[in-house]
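Accompanying notes for the structure given below.
Heads up: numbering here begins at 1 and tracks the sequence.
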Amino acid sequence: MASLFSSPIAWLLLSLTLFTIAATMVPQVEGRAFFVFGDSLVDNGNNNYLLTSARADAPPYGIDYPTHRPTGRFSNGLNIPDIISEQLGMEPTQPYLSPFLKGEKLLVGANFASAGVGILNDTGIQFVNIIRIFQQLNLFKQYQQRLSKLIGEEETKRAVHESLVLITLGGNDFVNNYYLVPYSVRSQQYSLEDYVPFVISEYKKVLQRLYELGPRRVLVTGTGPLGCVPAELALHSRNGECAGELMRAAALFNPQLVQMLDELNQEVGENVFIAANTNQMHLDFISNPQQFGFVTSKIACCGQGPYNGLGLCTPLSNLCPNRNAYVFWDPFHPSERANRIIVQQILTGSETYMHPMNLSAIMAMDSRA
């Protein structure tokens, strides 16, 4: 008697059955993974899992988040990565250290950012236990190993290769390093004109390592106008003017960052690194807040002292009733509404804001590839 499986049709039916079972067991990669690296501007809760003072896990942080509870985001609500995910129709990324980042949630991507970090390893040492940038990249490698166990090595490589990355670094290398205290170690070691190229050269090493790990679309934000945040106004301003030295640092850093990204793109032969001119985006608010529907760009919504710029945002701080009227949520960080306007420029802004192209152009180009 002939075996049942000697029939070609039977073999076909068996193969289809096995393929269907395999397809239901192995998660499929859908959409585009999103990865986030950097500091408190983009941290969405990693520092909640660390013994560090750089935390945003107490009220009134999160007052306008959907749960109305603190999440570890340095915001009254959503931060820039959240809003990018929202605008692109993706799930928000989970903090990498979150116990909830497992299984199919890994397919969405991950947020590795940690408040207080900089480009340099000695930035943010006062916060003690934070995830420095090369540690973030090591966790990204670990993430890829975890994802490989779920969907296989080839699919993992493809997911990472086709992913979108956001990295935000640099501000802390000035605020929490060079200018942290008078006569800081770095300010004794370097003039500002020499310090900026040094920081840029170290940032290039970070981005080269990121490229080696596989992503091919990387949004790189510049620093904001560091001297205009309420914390610096409280320390240095008499009449609301921005702190000159910090403004000089931002004015040196941001153009050199764009130049370095152009050089990197030339070296790799494609537009991998996209510069987001968040400095100009913030300056727009600061020079004419009313044009954007803000009441003030000088006073933080949550804080104390001059400009609500001293100390941290805590349950004992002054708290504005209408967060949408303020450019700054706390002494350092933008409000959710300011973040939304920044993301709109990232998505559709002209070359003044996005170089060499905006995120919408990238998405359209990649969809045709």
Side-chain angles (χ1 to χ4, degrees), residues 16 18-38 42-49 65-67 71-73 78-114 131 133 135-168 207 209-221 270 272-274 343 346-347 359-360 362-369:
L16 287 171
L18 292 172
F19 177 80
T20 303
I21 292 168
T24 56
M25 290 173 63
V26 179
Q28 300 301 297
V29 179
E30 292 180 12
R32 188 170 202 159
F34 185 30
F35 302 107
V36 181
F37 302 89
V42 292
D43 182 358
N44 67 351
N46 281 307
N47 280 22
N48 288 0
Y49 302 95
Y65 193 75
T67 59
T71 61
R73 292 164 173 82
L78 303 182
N79 64 11
I80 287 172
D82 295 323
I83 299 164
I84 290 175
S85 294
E86 176 191 275
Q87 292 296 306
L88 297 181
M90 305 187 299
E91 267 188 67
T93 55
Q94 299 262 3
Y96 186 70
L97 298 185
S98 167
F100 301 106
L101 182 66
K102 58 186 177 182
E104 294 201 20
K105 289 287 183 190
L106 289 166
L107 297 170
V108 176
N111 186 314
F112 301 89
S114 178
I131 314 170
I133 189 57
Q135 291 174 296
Q136 292 182 30
L137 296 178
N138 288 338
L139 291 176
F140 183 36
K141 188 175 181 182
Q142 184 187 94
Y143 160 89
Q144 293 185 37
Q145 293 164 350
R146 290 174 63 190
L147 188 61
S148 289
K149 291 177 182 175
L150 190 70
I151 62 173
E153 193 172 324
E154 284 307 308
E155 280 296 291
T156 296
K157 281 183 181 174
R158 184 171 74 83
V160 169
H161 187 82
E162 295 176 358
S163 68
L164 178 67
V165 170
L166 172 69
I167 184 165
T168 294
L207 296 175
R209 177 59 182 145
L210 179 58
Y211 180 85
E212 288 169 7
L213 289 168
R216 293 298 179 263
R217 291 294 186 205
V218 182
L219 297 172
V220 184
T221 66
E270 58 180 323
V272 171
F273 299 99
I274 312 298
V343 170
I346 289 172
L347 281 165
L359 182 52
S360 294
I362 293 168
M363 301 300 282
M365 190 167 67
D366 290 351
S367 70
R368 295 191 295 269

Just distance, no hydrogens or angles: give the donor-acceptor pairs under 3.5 Å from side chains in residues 88-96, sequence neighbours left out.
residue : atom : partner : partner atom : Å
E91     : OE1  : K105    : NZ           : 2.8
Y96     : OH   : Q142    : OE1          : 2.8
Y96     : OH   : R146    : NH1          : 3.4

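The side-chain contact (heavy atoms from CB on, under 4.5 Å) search around E162 returns R158, not counting sequence neighbours. Applying the salt bridge (charged side-chain N to carboxylate O under 4.0 Å, His left out) rule to K157 yields the partners E153; only residues at least two apart in sequence or on another chain are considered. Scanning for side-chain contact (heavy atoms from CB on, under 4.5 Å) contacts around Q87 gives I83, R340, V343, Q344, L347, with sequence neighbours left out. Partners of E212 under the side-chain contact (heavy atoms from CB on, under 4.5 Å) rule, at least two apart in sequence or in another chain, are R209. Residues satisfying the side-chain contact (heavy atoms from CB on, under 4.5 Å) criterion with S163, sequence neighbours excluded, are A33, F35, V165, P215.
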Stepwise side chain to side chain contact (heavy atoms under 4.5 Å, CB included) test for I274 and I362 | CA-CA 9 Å; I274 312 298; I362 293 168; 3.5 Å; yes

Decide side chain to side chain contact (heavy atoms under 4.5 Å, CB included) for N44 and T71; before the verdict, give the C-alpha distance in whole Å, the side-chain angles of both, and the deciding distance to 0.1 Å.
-> CA-CA 7 Å; N44 67 351; T71 61; 6.0 Å; no

Checking side chain to side chain contact (heavy atoms under 4.5 Å, CB included) for the pair L137/F37: CA distance, chi angles, key distance, verdict?
-> CA-CA 8 Å; L137 296 178; F37 302 89; 3.9 Å; yes

Test log, rule side chain to side chain contact (heavy atoms under 4.5 Å, CB included), inputs I80 and T168 | CA-CA 10 Å; I80 287 172; T168 294; over 6 Å; no

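For the atom pair L166 CG and I84 CD1, the distance stands at 5.0 Å (nearest 0.5 Å). Considering OG of S114 and CG of N47, their distance stands at 3.5 Å, rounded to 0.5 Å. Note that the CD1 atom of I133 and the CD1 atom of I167 stand 4.5 Å from one another [nearest 0.5 Å]. Taking CG of N79 as the reference point, atom CG of D43 lies at 8.0 Å (rounded to 0.5 Å). In this structure, CG in L147 is found 4.0 Å from CD1 in I151, a value given to the nearest 0.5 Å. With values rounded to the nearest 0.5 angstrom, L97 atom CG is found 9.5 Å from N48 atom CG.
Using a cutoff of 4.0 Å between basic side-chain nitrogens and carboxylate oxygens, D366 and R217 are scored as salt-bridged.
Inter-residue side-chain proximity for F140 and V160 is flagged as met; some heavy-atom pair is nearer than 4.5 Å. Looking only at side-chain heavy atoms (C-beta outward), L359 and L164 come within less than 4.5 Å of each other.
Pairing each heavy atom of F112 with each of N46, the nearest pair is C-ND2, 3.3 Å. Between R216 and Y211, the shortest heavy-atom distance links the atoms NH1-O, 2.9 Å. Taking each heavy atom of Q136 and I131 in turn, the nearest pair found is NE2-O, 2.9 Å. Closest approach of L78 and P66 over heavy atoms only: CD2-CD, 4.3 Å. The minimum heavy-atom distance linking A364 with S367 is given by the pair O-OG, 2.7 Å. Residues F34 and S85 share a closest heavy-atom pair of CD2-OG, 3.3 Å.
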